[in-house]
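Down below is the structure, laid out as structure tokens.
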Protein chains: 2
Amino acid sequence: MATTSTLTEDQFLLIAKTLADPRRYAILRQILESETATPCSAMRDCVEVSPATLSHHMKELEAAGLIHVQRNGKFVSYTPAAEILKAYVHRLSSDLT
Amino acid sequence: MATTSTLTEDQFLLIAKTLADPRRYAILRQILESETATPCSAMRDCVEVSPATLSHHMKELEAAGLIHVQRNGKFVSYTPAAEILKAYVHRLSSDLT
DNA sequence: CGGTCATTTCGACCGTCATCGAATGATGAC
DNA sequence: GTCATCATTCGATGACGGTCGAAATGACCG
């Protein structure tokens, strides 16, 4: 956890695109707020969306490396990928300021 | 105006979408690199793009409030909007870490 | 097994947007 | 005025992606 990740250009652009969707950003913030893993069902309360679309967005967030997925039987929970988020913000700050 | 701007939700999401395009991001970094105002023609060297598309992207960057535009006769130059960039990075850092 | 629930995949629809050629506008040089 | 140059606008096209219903997958329970 001490090491800071370095993002490839592709990763960096993929994260930017993933965060640019309002629903995905809201979902990610929801996951970040909780101390423990956030169950899939909890998203439905915060973002009004069909199960199909929700599943799609979770896949995008995972593909961008922004969240980690835990599967417990038929339930799925998510936790934030703190290192990647930190690396992204750091890279953006380094580029833009 | 104060040193730190606060972004509305709409502004924040618009900036995210604007930065999510590779060419626009490259253009913005080009503008940030220079100490002085960057002429429109200088972009063509860094990003291979038609004049029409370039004009389109500059309009998007301006609409997002990320750059300022200077018109000198038939030439156009751009400077970064430092306060907005700072506010965006700050907001993102505050949300994601 | 049969049934229910959580999640995913499939397929299609539709809006948004990046892209560029061609035409237009605007400016400056001669 | 005429012409060349820089930039913008217009219109069309094609691709990408968000959306959801319906069907499918997988897990738990009795």
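Only this structure's heavy atoms are used, side chains among them; waters, hydrogens and symmetry mates stay out. This one's a predicted model, so the numbers in the text were calculated from it and none came from an experiment. Lettering of chains follows the sequences in order, A, B, ..., and the numbering in each one begins at 1.
B/R71 comes within 4.0 angstrom of sugar-phosphate atoms only, judged by non-hydrogen atoms across all strands, and of no base.
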Under 3.5 Å, side-chain donor or acceptor atoms of residues 45-67 of chain A against the rest of the protein: list the pairs with distances, not counting sequence neighbours.
| residue | atom | partner | partner atom | Å |
| --- | --- | --- | --- | --- |
| A/S50 | OG | A/T53 | N | 3.2 |
| A/S50 | OG | A/T53 | OG1 | 3.1 |
| A/H57 | ND1 | A/R24 | NH1 | 3.2 |

Sequence neighbours excluded and cut-off under 3.5 Å, please list the side-chain donor-acceptor pairs for residues 70-78 of chain B, or say none.
none

Using atom types as modelled, flag every donor-acceptor pair under 3.5 Å from a side chain in residues 87-97 of chain A to any protein atom, sequence neighbours excluded.
| residue | atom | partner | partner atom | Å |
| --- | --- | --- | --- | --- |
| A/R91 | NE | A/D95 | OD2 | 2.9 |
| A/R91 | NH2 | A/E9 | OE1 | 3.1 |
| A/R91 | NH2 | A/D95 | OD2 | 3.4 |
| A/D95 | OD2 | B/Y25 | OH | 2.7 |
| A/T97 | OG1 | A/S93 | O | 2.5 |

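Using a 4.5 Å heavy-atom threshold, the side chains of A/I84 and A/I15 count as touching. Residues B/M43 and B/I31 meet the side-chain proximity criterion, which asks for heavy atoms closer than 4.5 Å. Between A/D10 and A/L14, every side-chain heavy-atom pair lies at or beyond the 4.5 Å cut-off.
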Could you list, one pair per line, each protein nitrogen or oxygen that sits under 3.5 Å from a nitrogen or oxygen of nucleotides 24-30 of chain D, together with the distance?
none

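Extent of DNA chain C lying under 4.0 Å from chain A heavy atoms, first and last nucleotide in 5' to 3' order, is C/dC5 to C/dT9.
Evaluation of the side-chain contact (heavy atoms from CB on, under 4.5 Å) rule for A/T6 yields no partner, not counting sequence neighbours. Legend: residues meeting side-chain hydrogen bond (donor to acceptor under 3.5 Å, both in side chains) with B/R23, ordered by chain and number and at least two apart, are absent.
Hydrophobic clustering (ILVMFWY, side-chain heavy atoms < 4.5 Å, transitive): B/V69 and B/L32 are in one cluster.
Taking CD of A/Q30 as the reference point, atom CD1 of A/I27 lies at 9.0 Å (rounded to 0.5 Å).
For the pair B/K59 NZ and D/dC10 C1', the interatomic distance rounds to 10 Å; values are reported in whole Å.
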When you check every protein heavy atom under 4.0 Å of nucleotides 14-20 of chain D, what one-letter string (B, S, -) results, 5' to 3'? ---SSBB
